[in-house]
Structure formats: C-alpha cells, structure tokens
Amino acid sequence: ANQAGIVHRDIKPANIMYLPATRQVKVTDFGVARVADANRTRTGMVLGTPSYMSPEQLAGKKIDGRSGLYSLGVTLYQLLTGQLPFQGNSLAKLMYSIANERHRDVSELRPELPRPVGRLIDRALDKAPDKRFQTGAEFALAIQQCREKLASTE
C-alpha cells in the first residue's frame, strides 16, 4: 500500500490477518486510509487507534508510510512483551507518552530476548521518522537478518 502511495493510518493487531495455509499476512480495514500526497487535510483531525499511532500522526502532521511502520513496531512490541509500549490513564497522558517518553526496553519485560530484537524495536519506535525504517521492505529485511543472526547463534 505504501508503495502505491496509500497510508493506512490504523495499523494494529486487529487489522493484521495471518493466513496459515498460505503463510501470508494481509492488512485489512483501509477505512481511514488516504492517498499520501492528497492535499485535503483537516487541522487537528486524528483518525486511527491512539495506542498504535506514531508521534507525528498524533500531532496532526502530514504522515507517510513510516508512520505505519511505527505502528507495526508497536504491534511487534506488544506481540513480544504482552504490553503496549506506551500507556496512560487518559488520552492526553497516552498522547504525551507517545510524543515525549521513551518506551520501556523490551529486555526489562522479556530478559531472555536477544539484544538484536530490542534494537530492531527501538529503531521501529524512534520518535523521528527519519531514524525509523524507511520502507516496509527495509523493515522486513531487518527482521529477516535478525532472525538469521539469532538462528546462527543457537
């Protein structure tokens, strides 16, 4: 979708489906997606699920595919730790945490996870889009390389 110029804006576990028979992953629910270069924006309008949103999406800034990769990083963090990287007892606190605080290191929650896994998540959850994975292919390659590195050390 990102290669086609479409920004999903609501990547989260409920919108990711795994098909075991074909070993394929599908992203669903493009209900709040938009064309990345569309000039029609509404100031202050936030669409999506706040816990999975990137800092720039919460700030109402123009977003691109890197925002979705951040959301995928949140999903991976939750998959590996059983917790969201940012939590708050109000929407304002949650938004502040996402925009300003560092996520809890995965090694604190899962000490048995190898350090390369933590570095992968750290990069995916970087506050600055330019420091995150720039494309889905780059993120997928990093996951594959991490997996291969871990397999070779077993």
Side-chain angles (χ1 to χ4, degrees), residues 1-34 36 46-59 61 63-89 91 93-154:
N2 291 342
Q3 289 176 337
I6 298 170
V7 179
H8 189 282
R9 299 196 300 179
D10 198 22
I11 298 291
K12 61 184 178 181
N15 291 340
I16 301 171
M17 300 295 151
Y18 176 66
L19 307 171
T22 60
R23 300 187 66 178
Q24 288 184 312
V25 175
K26 302 278 185 178
V27 177
T28 64
D29 191 2
F30 282 77
V32 296
R34 66 177 285 131
V46 176
L47 297 172
T49 306
S51 294
Y52 298 89
M53 286 184 185
S54 66
E56 64 272 19
Q57 186 176 3
L58 284 172
K61 295 179 181 176
I63 61 169
D64 57 28
R66 296 173 298 181
S67 180
L69 297 176
Y70 176 93
S71 302
L72 193 56
V74 172
T75 300
L76 183 58
Y77 185 102
Q78 185 179 25
L79 176 70
L80 293 172
T81 67
Q83 296 181 24
L84 288 165
F86 302 101
Q87 299 174 32
N89 54 10
L91 182 56
K93 171 61 176 141
L94 174 64
M95 291 173 69
Y96 179 86
S97 295
I98 291 169
N100 299 292
E101 297 174 356
R102 189 182 187 306
H103 59 278
R104 190 169 170 196
D105 196 291
V106 294
S107 65
E108 291 178 32
L109 300 167
R110 295 274 314 275
E112 74 279 11
L113 286 176
R115 185 66 202 136
V117 174
R119 285 194 297 271
L120 185 97
I121 290 174
D122 290 347
R123 183 169 177 199
L125 295 181
D126 200 293
K127 303 287 185 211
D130 290 343
K131 293 182 180 178
R132 289 185 212 137
F133 297 102
Q134 299 299 293
T135 65
E138 183 183 3
F139 197 177
L141 179 61
I143 291 170
Q144 182 61 35
Q145 288 172 338
C146 182
R147 189 173 160 211
E148 288 170 2
K149 185 176 183 177
L150 296 176
S152 70
T153 60
E154 291 180 351

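Taking CG of Leu58 as the start and CE of Met53 as the end, the distance is 5.5 Å to the nearest 0.5 Å. To the nearest 0.5 Å, atom OG of residue Ser54 and atom CD1 of residue Ile98 are 8.5 Å apart. Rounding to the nearest 0.5 angstrom, the gap separating the CG atom in Leu91 from the OG atom in Ser51 is 9.0 Å. In this structure, CG in Leu84 is found 8.5 Å from CG in Leu94, a value given to the nearest 0.5 Å. Gln145 CD to Leu120 CG: the interatomic distance, rounded to the nearest 0.5 Å, is 10.0 Å.
Between Gln134 and Pro129, the shortest heavy-atom distance links the atoms NE2-O, 2.9 Å.
Sorted by first then second residue, the side-chain hydrogen bond (donor to acceptor under 3.5 Å, both in side chains) pairs that include residues 68-81, not counting sequence neighbours, are Tyr52-Gln78. Under the ring pair (Phe, Tyr, Trp, His ring centres under 6.0 Å) criterion, no residue pair touches residues 108-130, with sequence neighbours excluded. Sorted by first and then second residue, the side-chain hydrogen bond (donor to acceptor under 3.5 Å, both in side chains) pairs involving residues 118-132 (not counting sequence neighbours) are Glu56-Arg132, Arg66-Asp130, Arg102-Asp122, His103-Asp122, Arg115-Asp122, Arg123-Glu138.
In this structure, the salt bridge (charged side-chain N to carboxylate O under 4.0 Å, His left out) partners of Lys93, at least two apart in sequence or on a different chain, are Glu101. Among residues two or more places apart in sequence or in another chain, the side chain to side chain contact (heavy atoms under 4.5 Å, CB included) test is passed with Arg23 by Tyr18. Among residues two or more places apart in sequence or in another chain, the side chain to side chain contact (heavy atoms under 4.5 Å, CB included) test is passed with Pro114 by Pro116, Val117, Leu150. With sequence neighbours excluded, the residues forming a side chain to side chain contact (heavy atoms under 4.5 Å, CB included) with Glu108 are Arg104, Asp105, listed by chain and number. Phe133 is linked by a ring pair (Phe, Tyr, Trp, His ring centres under 6.0 Å) to Phe139, counting only residues two or more places apart in sequence or in another chain. Applying the side chain to side chain contact (heavy atoms under 4.5 Å, CB included) rule to Leu19 yields the partners Thr22, Gln24, Lys26; only residues at least two apart in sequence or on another chain are considered.
By the 4.5 Å heavy-atom criterion applied to side chains, Leu109 and Val106 are not counted as neighbours. Side-chain contact check for Ile121 versus Leu80: some heavy-atom pair is nearer than 4.5 Å.
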